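Below is one structure, written out as structure tokens; comments come after it.
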Amino acid sequence: MAEKLIEIKNLKQYFNVGRPNLVKAVDGVTFDIYKGETLGLVGESGCGKSTTGRTIIRLYDATAGEVFFDGENVHGKKSAKELKKFNRKMQMIFQDPYASLNPRMTVADIIAEGIDIHGLAKTRKERMERVYELLETVGLNKEHANRYPHEFSGGQRQRIGIARALAVEPEFIIADEPISALDVSIQAQVVNLMKKLQREKGLTYLFIAHDLSMVKYISDRIGVMYYGKLVEIAPAEDLYKNPLHPYTKSLLSAIPIPDPESERTRKRITYNPSVHNYGDNEDVTMREISPGHFVLCSAKEFEQYKQQYR
Amino acid sequence: MEKLLEVKNLEVSFQTYGGEVKAVRGVSFDLHKGETLAIVGESGSGKSVTSQTIMKLIPMPPGKIKGGQILFNGEDIVKKTDKQMEKIRGKEISMIFQDPMTSLNPTMKIGRQIMEVLTKHQNMSTSTAKERAVELLRLVGIPMPEKRVIQYPHEFSGGMRQRAMIAIALAANPKLLIADEPTTALDVTIQAQILELMKDLQSKMDTSIIFITHDLGVVANVADRVAVMYAGQIVEMGTVDEVFYDPRHPYTWGLLASMPSLDNDDKSELAAIPGTPPDLIHPPKGDAFAARNQYAMAIDFEEEPPMFQISETHFAKTWLLHPDAPKVEPPEAVKRRMRKLASTFEKPVLVQEGKS
Amino acid sequence: MEISKEKFQIVGTRSTEAEKISKPSLSFWKDVSIRFRKNKLAMFGVVLLILLIIMAIFGPYMTKFDYRTNNLVNTNKPPGSMHWFGTDDLGRDVFARTWQGARISLFIGIAAAAVDFFIGVFWGGLAGYKGGRIDEFMMRFADVLWGIPYLLLVILFMVVMGQSLGTMILAMTITGWINMARIVRGQVLSLKSQEYVLASKTLGAGLQRIMGKHLIPNTMGPILVTMTLTVPSAIFTEAFLSYLGLGLTPPLASWGTMASDGLPAIKYYPWRLFFPATFICLTIFAFNVIGDGLRDALDPRLRK
């Protein structure tokens, strides 16, 4: 697992540059994603987690910073051909199962879109066979191919979206809140499917979500974002057992747990950014507290966190 | 305890060109004073339609109340005219929604929107209403309420808007508050604040709450009693402990098992419920959940199960409770949470028809 | 209630059944057509329009008179068994002229709508999709064009290029497409951030594919409504221009020129105005109710 698939270096995505309403949606984020792992990215709405995902896949042009895929810079100048090659390697699953499928296209055409763009099927028959195969992979069947998206339930639509992404045989999939809009019983279906696909195809995931319990379940490592910055990144278990950044602590304390007794006794921790009270010349960066567990902190905090860490 | 609301055998349908959608198919429950009932279910389970019917907010047509009664303080809401309902809405029963932006008027200052309720239902003068509006905003935890009353909804953040909505909903001291997924669109930290606020206000004002959600974590946090809905019917109902520590319906098992647990490192596959909810234009014969139920028995595909009673307060609608049914083991994740509760009857009792 | 014990055997899920969709497959346009056909007024408009088109095609052959031959003996005859709609001041058969006029009026309407469609969709689609400076430039250009008094343009065209059918259509569409472009741009602007468009982009789709497969098909509803409402406005404009004497030259007949000819004689020979005016009204009415019906049928809020 030590092999890096994606390296994100000091990625910045600002909107409205040069105007008074400048938004620093992603403000200098650095992390790696290893081959075959699932990296969870959590945070509140507006913290920049979705923008990070969209910038990595080049839906937005990064303001600054680099993204390397297998050692190759994907944000440099690229010819159309190179870009297409890159499109096949990296795919995305979207949040809203109702907005992510074109209502005027049949399911077969939606799934085959990547096949058509990249010319992956020689004949019509081959194309349809591939579509049927993909439908089966995501637990649907042939009969669904000629139907329209509005005839499906949310979970089924999300699986169609997954089949569309799989059609180009990607190595890396960015899942942008893929289960937030789904019902509880359906969330498990989609998560199980994603895990199965990861086992079978050796996929690497960036799983963006705000549902922390699901993220913990699916992820090997988790990154926590707050206002455009990555504040903590650690192996999933470690993050839950030893949250160090005060924001991570407050986030964890707020998750409602389906257990009435623990809900009755819960203590909520609130996060107040002023607790850091960073000085002007303090160097606030990601520091490694224990192997693989990084926290955004100053040198002083670093010592404190080290003490706290069990 | 005094009963505030009794819903008896409610049936609601919607006429679409595809046929009649039977959204609510015989729902009965009651609600006591000062209590919180959580209604859980997937989208399309009829939980929102049920609550909107109590407020008579469903569009008619295409919607239609096909049968049943909704007794609020002993009076049947089903029979009330629009005019009579206007006096009840906002005053006796009020509602908060998932998206406060759709229910707040964007062109009106927050303060005015609260005052409108006060002057209409409480016959307050403008000046006292103004004071009360500030007071209400303070009550729901909005800082600097004197400044906030003269702001527009778009100047509020998501969590603040939901607080403002709650302030409007509570302005007339309603006896019943219906909260339809009020925290679904919010971040967890904000959600936690709003839930705390609602519980706090409830203890102060003694309001009854019907809380609609699909999040079992939220249910565990707010509810006194829980009703689990599936395909337009209540399939299990009980106190929050009964439903979480001694669930009996396989659908409830499925819901509980499909959520990963935070405290253990179990990475084995989640017990997902296969398939999708049935189409309510043609509800399946027998138990609507049968096709997705791994414990389904032959009879589930033929006969609709009756309601069985497991304790004074605990009901479940499944054939598994029939004396002839085989003993089944719930999924691992559910077994881990099972407890023996003192109030449980020795044997499940069949609830006789016609009695809720 | 007695139930046999065998009924309590566990049989498990029927997962194939749980994924089955029982409703018949219904594409968007099928759904729209079902709802459109339920709208009685709109269907009446369709029937009316079909009748008008049939008459425009066959009408001129139904009488032995042709629309251009003068017959100075038979001027201003009232409608009768010989001349069904009477004759005009040059003794030409009004029935024949009415349907000949229908051809031209309908042609003008449809041609104007078609030109609006091609230019408007292209311009608006490109501006909306590209956004930023390109959008700014393209739409400002349209605004400038929109600002030029329309009649002035028409007169200019007529003077420079001569009065003909082609000039007329050109003059009408020189600014007509702007409305379409604005509508398409607005739609594209909101659709282009939809997740299915983003998905297509991440799959490597180019401009052509995103436009042709995603943006335009999803804008087709408003486009269609705009087109059906453009037709009657073009017919009306033609009539109006003809009335001002800026229209077609005789012996060509359109409803506009006929009405304009008939107006001075309204006191004595009312049928000369009555027939063309009635058919202008009926056509405009038909297109308007069809357009309204389409708009209602396409409205997503009215979908179940």
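Naming: A, B, ... by sequence-line order, numbering from 1 per chain. Quantities reported herein were computed from a predicted structural model and do not represent experimental measurements.
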Exercise. Could you tell me which portion of B:E196 (side chain, backbone, both or neither) has an atom closer than 4.5 angstrom to a non-hydrogen atom of chain A?
Key: side chain
Practice problem: Check whether B:V219 gets within reach of chain A through its side chain, its backbone, both or neither, counting any heavy atom under 4.5 Å. | Solution: neither
Can you tell me how far apart [atom1] ([X]) and [atom2] ([Y]) are? Round to the nearest 0.5 Å.
{"X": "A:I186", "Y": "B:I273", "atom1": "CD1", "atom2": "CD1", "result": "7.5 Å"}
{"X": "B:T189", "Y": "A:I255", "atom1": "OG1", "atom2": "CD1", "result": "11.0 Å"}
{"X": "A:E151", "Y": "B:D279", "atom1": "CD", "atom2": "CG", "result": "11.5 Å"}

Quiz item: Among A:M214, A:E44, A:K196, which has the most heavy-atom pairs under 4.5 Å with chain B?
Solution: A:E44
Self-check item: Heavy-atom pair count under 4.5 Å with chain B, highest-scoring of A:L212, A:N192, A:V190
Solution: A:N192
Self-check item: Greater than 12 external heavy atoms within 6.0 Å of A:K142's NZ
Solution: no
Quiz prompt | Greater than 12 external heavy atoms within 6.0 Å of A:Y98's OH | solution = yes
Grab the two heavy atoms, one from [X] and one from [Y], that are nearest each other, plus how far apart they are.
{"X": "B:F244", "Y": "A:P258", "value": "CD2-O, 3.3 Å"}
{"X": "B:H214", "Y": "A:V184", "value": "O-CG2, 2.9 Å"}
{"X": "A:A254", "Y": "B:V188", "value": "CB-O, 3.7 Å"}
{"X": "A:Q189", "Y": "B:A272", "value": "N-CB, 3.5 Å"}
{"X": "A:P256", "Y": "B:Q191", "value": "CG-NE2, 3.1 Å"}

Quiz item: What option among B:V218, B:D241, B:L255 has the most heavy-atom pairs under 4.5 Å with chain A?
Solution: B:D241
Quiz item: If you count heavy-atom pairs under 4.5 Å between each of B:A257, B:A220, B:A223, B:A192 and chain A, which one has the most?
Solution: B:A220
Heavy-atom distance under 4.5 Å between the side chains of [X] and [Y], does that happen here?
{"X": "B:L270", "Y": "A:Y217", "answer": "yes"}
{"X": "A:R266", "Y": "B:N221", "answer": "yes"}
{"X": "B:V240", "Y": "A:R264", "answer": "yes"}
{"X": "B:R339", "Y": "A:E261", "answer": "yes"}

